[in-house]
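Note that ligands are numbered from 1 as they come in the structure, with each ligand's atoms numbered from 1 the same way.
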Amino acid sequence: MTLPATNVPVLIIGAGLAGLYAAMELEKQGIEAQIVDAAPVLGGRIRTIVVDGEPIDIGGTGLGPSHLRAHAMVERFGLPSRPLTRRGKTAFSINGALFDAQDWENHPANRCVGEEREILPARMDSYYMQTLLPFFEIEGWLDPANAQYDIPFAEYLRGKGLSEEALRLVNMCINTNDIETVSALSMFRDAIKWRSVGFDDPKNFDQYGDAQYKPIRLEGGMVRLPEAMASSLRRAPMLGRKVVRIEHGESGATATFDDGSTIIAGRMIITVPFVALKHVIFDPPLPEPLGEAIGCAASSGNTQFILKTSSRFWEEDGLAPSLWSDTLFERLFVEFNEDDSVNHLRIWINGDNAKRVDEMGASAGEELIATLARIRPSTDGKLEVVHQVSWAAEQLIGGEKYVMGPGQVTRYARHMATPVGALHWAGEHHKSTEVGIEAALQSGERAAAEVAAILQPQAVN
Ligand SMILES: Cc1cc2nc3c(=O)[nH]c(=O)nc-3n(C[C@H](O)[C@H](O)[C@H](O)COP(=O)(O)OP(=O)(O)OC[C@H]3O[C@@H](n4cnc5c(N)ncnc54)[C@H](O)[C@@H]3O)c2cc1C
């Protein structure tokens with residue numbers, strides 16, 4: 001049986017920040033848009049879980065000074081906020097040795113060479129990204145003159161003389177996939193953005209210290225933001241609607257859902273992460289290089305374990321509370337409340353190690369706790385996993401963030417957001433001069449402006 005089709009002027013696929021912001025921007029121009037999302041809840045990579053009554057953000061967590069659009073909405077919607085939960089100072093487990101930050105430079109476990117020895121293992125990535133930047137304007141990542149840097153980040157760092165041990169430690173802490181498979185040019189874009197939040201002191205590791213970077217989190221969790229955005233819209237987003245096929249032309253597009261129903265739209269804004277978009281059929285197929293960019297898209301792994309502890313083990317061993325390691329579990333964050341109490345801890349695993357841990361299946365949590373007990377004995381018998389999430393394992397998301405491989409910036413970046421007939425593109429993967437949450441919002445704003453310019457050219461001009 002063929003279900004009757006619905007008609008809308010604009011259909012937005014994805015109720016994450018990019019889709020919601022695009023709908024808000026269109027409404028400002030008097031254009032109504034219908035958002036659909038396959039997930040049963042709003043927010044996409046903004047997700048808040050509740051453990052023992054405490055909201056915990058397991059996706060996008062905080063807003064810093066560069067999140068201008070997001071801060072404006074927090075003000076506009078009157079969302080209560082507070083300083084981002086402090087993550088305590090960190091100890092290290094490197095090459096089998098356990099020590100505090102001040103002991104690193106002269107520790108026998110420090111196998112780095114020369115001046116590298118001064119850089120804390122947890123600052124290796126940000127330090128070398130900041131000090132070895134070949135250009136300083138963020139738009140430079142799209143400048144053809146910089147195409148020479150569209151090479152593996154590891155190759156760029158080797159060329160600058162880093163030892164293999166320093167490279168190993170960069171890889172340990174970098175917030176992306178393996179540095180052999182990530183484009184240096186895409187890393188420079190993020191690094192230039194981070195310059196504004198002060199990650200440049202190699203010897204002082206205090207993640208959310210006393211610099212001008214004053215991150216906030218939202219009371220009740222970050223999900224309050226997409227909820228408030230959705231509530232502000234005249235048309236409520238339709239959830240649990242999975243798009244499986246998109247037919248498109250110059251004058252419109254039709255989305256077919258997994259229940260066989262369809263929505264016909266004059267314009268369509270697609271915010272689905274490219275990794276997840278591989279599961280949607282386009283008729284006709286998308287032109288190159290866009291189709292190719294989607295086909296080979298990769299996202300960085302991120303797997304987290306939320307833990308409870310039965311004791312303040314850091315007071316027993318006298319080391320800093322949090323721990324960075326070169327083992328599979330990578331990082332343990334003890335997250336302090338303002339009154340110094342601790343409700344939960346978090347194991348945070350990025351990139352390829354996250355995917356390795358995912359392959360361990362149901363026993364992963366227990367095995368990681370056993371590893372922790374071995375390398376930091378004061379945790380033995382104290383920790384319990386209360387929640388686990390793998391962003392890479394979620395088919396509708398596919399990972400924490402879009403990652404460009406060597407050669408991909410030059411080949412795809414300037415073409416990825418070009419409209420194809422009635423199809424427009426948004427989402428964090430279309431980042432240009434922002435990253436993360438702000439990139440999603442910026443892309444939604446840009447796509448909405450494109451659509452408004454077509455549907456209401458007089459109002460826009
Ligand atoms: C662990 C983690 C920590 C982060 N921390 C930060 C941070 O501190 N600061 C920061 O700035 N950013 C952070 N980010 C990034 C930030 O959360 C994202 O960049 C942003 O939320 C992405 O929004 P989006 O709308 O582009 O995509 P998404 O939120 O991924 O939305 C895409 C939507 O498309 C839907 N979809 C997929 N396939 C289909 C389909 N076939 N049919 C219909 N719908 C579909 C999905 O269900 C999803 O809701 C973090 C992300 C993660 C995962």
Side-chain angles (χ1 to χ4, degrees), residues 11-23 35-49 56-71 84-85 175 190 193-194 197 207-208 213 215-218 222-223 225-226 229-230 237-246 255-259 263 268-282 299-304 306 346 348-350 354 389-402 425-431 434-444 447:
L11 181 67
I12 299 177
I13 305 178
L17 294 180
L20 290 163
Y21 202 65
I35 301 179
V36 292
D37 198 298
V41 288
L42 286 167
R45 274 170 278 173
I46 303 296
R47 189 179 301 168
T48 307
I49 58 163
I56 301 174
D57 287 308
I58 55 172
T61 308
L63 302 180
S66 64
H67 290 99
L68 300 182
R69 293 171 184 80
H71 275 295
L84 190 64
T85 310
N175 193 13
D190 293 6
K193 195 73 213 170
W194 295 338
V197 293
Q207 290 184 70
Y208 297 127
Y213 191 62
I216 58 159
R217 57 160 292 172
L218 299 183
M222 284 294 287
V223 76
L225 180 59
M229 293 166 79
M238 296 163 71
L239 302 175
R241 303 293 310 271
K242 184 176 182 184
V243 175
V244 292
R245 181 183 182 87
I246 294 172
T256 303
F257 296 86
D258 57 354
D259 62 1
I263 295 183
M268 201 178 276
I269 298 178
I270 300 170
T271 74
V272 175
F274 272 7
V275 176
L277 202 57
K278 290 178 191 177
H279 305 290
V280 176
I281 295 166
F282 284 87
S299 221
S300 59
N302 175 275
T303 298
Q304 298 171 54
I306 305 298
R346 185 185 312 245
W348 174 279
I349 310 166
N350 272 332
V389 61
S390 163
W391 287 98
E394 297 202 8
Q395 202 201 59
L396 297 175
I397 304 283
E400 180 188 358
K401 62 179 180 183
Y402 180 58
W425 310 95
E428 168 271 339
H429 47 291
H430 291 288
K431 55 193 155 195
E434 300 291 345
V435 293
I437 288 170
E438 199 64 13
L441 300 175
Q442 183 189 40
S443 71

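In this comparison of A38, G444, P237, the heavy atom closest to atom 43 (C) of ligand 1 sits on A38. Comparing I13, T61, I437, L396 by heavy-atom distance to atom 37 (C) of ligand 1, the nearest is L396. Closest heavy-atom approach to atom 1 (C) of ligand 1 within the set M222, Q304, H429, R47: this belongs to Q304.
Panel note: side chain Q304, backbone I58; a donor-acceptor pair is recorded below 3.5 Å. In this structure, the side chain of E428 does not engage the main chain of P273 through any donor-acceptor pair within 3.5 Å. Of the possible polar contacts, none joining the R245 side chain to the F282 backbone as a donor-acceptor pair under 3.5 Å is found. Distance alone, capped at 3.5 Å, places no donor-acceptor pair between the T48 side chain and the I56 backbone.
Remark: ligand 1 and W348 share no N or O pair separated by less than 3.5 Å (distance only, no angle test). Considering backbone and side-chain atoms alike, N302 places every N or O at 3.5 Å or more from each N or O of ligand 1. Residue G19 places no N or O, backbone or side chain, under 3.5 Å from any N or O of ligand 1. Note: no N/O pair closer than 3.5 Å links I397 and ligand 1 by distance alone. Ligand 1 has an N or O atom lying under 3.5 Å from an N or O atom of L17, backbone or side chain. For H67, a nitrogen or oxygen atom sits less than 3.5 Å from a nitrogen or oxygen atom of ligand 1, counting backbone and side chain alike.
Taking the six-membered ring where tryptophan is involved, the planes of F274 and H430 are perpendicular, since the angle between them exceeds 60° and thus also 30°.
Contact detail for I437 and G60: the closest heavy-atom pair is CD1-CA, 4.4 Å. Of all heavy-atom pairs spanning G59 and W391, the tightest one is CA-CZ2, 3.7 Å. Taking every heavy atom of both residues into account, A70 and L441 meet most closely at N-CD1, 3.6 Å. Taking every heavy atom of both residues into account, G398 and S299 meet most closely at O-CB, 3.2 Å.
Ligand 1 places these atoms under 4.0 Å from at least one heavy atom of V243: 40 (C), 41 (N), 42 (N), 43 (C). Heavy-atom proximity to K242, at under 4.0 Å, picks out these atoms of ligand 1: 41 (N), 42 (N). Counting the atoms of ligand 1 from 1 in the order shown, those under 4.0 Å from a heavy atom of G43 are 29 (O). Those atoms of ligand 1 with a heavy atom of G427 less than 4.0 angstrom away are 26 (O). Within ligand 1, the atoms closer than 4.0 Å to a non-hydrogen atom of W391 are 1 (C), 53 (C), numbered from 1 in the order shown. Those atoms of ligand 1 that come under 4.0 Å of a heavy atom in I58, given as number and element, are 1 (C). Distances below 4.0 Å separate heavy atoms of G59 from the following atoms of ligand 1: 1 (C), 2 (C), 3 (C), 4 (C), 5 (N), 52 (C). Atoms of ligand 1 found under 4.0 Å from any heavy atom of A18 (numbered from 1 in listed order, with element): 25 (O), 26 (O).
Summary of contacts: the protein heavy atom closest to atom 26 (O) of ligand 1 is E428 N, 2.8 Å. Shortest contact from atom 23 (O) of ligand 1 to any protein heavy atom: A440 CB, 3.5 Å. Remark: minimum distance from atom 15 (C) of ligand 1 to any protein heavy atom is reached at G436 CA, 4.1 Å. Considering only non-hydrogen protein atoms, atom 29 (O) of ligand 1 sits nearest to R45 N, 2.8 Å. When hydrogens are left out, the protein atom nearest atom 33 (C) of ligand 1 is D37 OD2, 3.5 Å; that is the closest non-hydrogen contact. Atom 34 (O) of ligand 1 has its closest protein heavy atom at G14 CA, 3.6 Å. Distance from atom 38 (N) of ligand 1 to its nearest protein heavy atom, with residue and atom name: V272 CG1, 3.4 Å. Atom 9 (N) of ligand 1 has G62 O, 3.6 Å as its closest protein atom, hydrogens excluded (heavy atom only).
Using a 4.5 Å heavy-atom cutoff, the side chains of L239 and R241 are not in contact. By the 4.5 Å heavy-atom criterion applied to side chains, R47 and V389 are counted as neighbours. Taking 4.5 Å as the limit, every side-chain heavy atom of E434 sits out of range of all side-chain heavy atoms of S443. For the pair L17/P226, a side-chain contact is recorded, criterion being any heavy-atom separation below 4.5 Å from C-beta on.
With a 4.0 Å cut-off on non-hydrogen atoms, P273 touches ligand 1 through its side chain and not its backbone. The proximity of R241 to ligand 1, defined as any non-hydrogen pair under 4.0 Å, is limited to the backbone. The residue L63 has no part lying near ligand 1, judged by heavy-atom distances below 4.0 Å.
Salt bridge K431/E438: absent, no basic N to carboxylate O contact under 4.0 Å.
Of the candidates T271, I269, L20, L20 is the only one forming a side chain to side chain contact (heavy atoms under 4.5 Å, CB included) with I35.
If you check the side chains of Q395 and K278, you find no donor sitting under 3.5 Å from an acceptor.
The shortest separation from a heavy atom of L277 to ligand 1 is not under 4.0 Å, leaving the residue out of contact.
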Inset, instruction - Could you walk me through whether M222 and L63 pass side chain to side chain contact (heavy atoms under 4.5 Å, CB included), step by step? - result: CA-CA 9 Å; M222 284 294 287; L63 302 180; 3.9 Å; yes
